[in-house]
Amino acid sequence: MNYTVMMPAAGSGQRMGAGYNKLFLKLDDKPILIHTLDVFEGDPACEGIILAVKSDEREYIQALLEEFAIRKVTALVDGGGERQDSVAACMKVYDKDGIVLVHDAARPFIRLSVIAELVKVANEHGAAIAGVRAKDTMKYAKEGVVEQTVDRGKLWVIQTPQAFRYALLKRSSEEAQAQGFLGTDESMLVERFGQPVHIVESTYDNVKMTTQEDLLFGEILLRRRQEDFNDSHRTRF
Ligand code: C5P
């Protein structure tokens, strides 16, 4: 089942403290943005990528796409002030009725197996989001004082990708925009619209590169994946 990716990449990355877009920071020899795009570039089911960028970073990103031979980006659109605005800008240039996958440019470690399952479930049910089970004990607190311990068995930590039948995402997004509702992910828009959203179990290493510590973790993950790849391709004599 084929799909199109809408990828918001127009953030400022203030929490990374780099002084510029964190997506340009390098892991190994490639910017984070390119690592993320590479995943979809290598997935035959991905039909195209719509990338939301800051207008003053457009030229630099175009040059990166050339340098690293990224061919599947079909449109570069101007992102907005909030992540939701950036995704809405992507939606304006999509004119099909297929499955779309919204994925943060800052999550380079997403696995193809999770993507495939998300697309399958979204096609069946309308909406599917990646998540992992909460590992720690979770509590509600007010001003630093515990009010309640939450049943961890029902809690999920949600990531991207989030996959949707496009018509459902479009209607949910239009309603949210009309009502001035700002969500922290696209799933919230669909939930408000009253439609069920299914969770697909993802992996804990699908981290969002947000702070300096994430970069260290990212370097380790990359090295481990490279070793796994080498092991599986080593010729035995
Ligand atoms: O800031 P945060 O890490 O939550 O951003 C998640 C993703 O959304 C990043 O890939 C970032 O570039 C993107 N984003 C965007 N437009 C914004 C804010 C964030 O495209 N206004």
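As the structure lists them, so they are numbered: ligands from 1, and atoms in each ligand from 1.
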Hey, are Arg225 and Asp205 close enough for a salt bridge, meaning a charged N less than 4.0 Å from a carboxylate O? yes

Under 6.0 Å from the ring centre and within 45 degrees of the ring axis: does the NZ or CZ of Arg192 meet both conditions for the six-membered ring of Phe181? yes

Show the protein residues that qualify under the rule heavy atom under 4.0 Å from an atom of ligand 1, listing them in chain and number order. Pro8, Ala9, Ala10, Gly11, Arg15, Lys22, Leu23, Gly80, Gly81, Glu82, Arg83, Ser86, Asp104, Ala105, Ala106, Lys208

Quick one: does NZ or CZ of Lys72 land under 6.0 Å from the six-membered ring centre of Phe40, within 45 degrees of the ring axis? no

If the plane angle is over 60° it's perpendicular, under 30° parallel, otherwise tilted; pick one for Phe24 and Tyr60. perpendicular

Checking Asn230, Asp228, Leu222 against Gln226 for side-chain contact (heavy atoms from CB on, under 4.5 Å), the one that qualifies is Asn230

With a 4.0 Å cut-off, would you call Glu41 and Arg71 a salt bridge? no

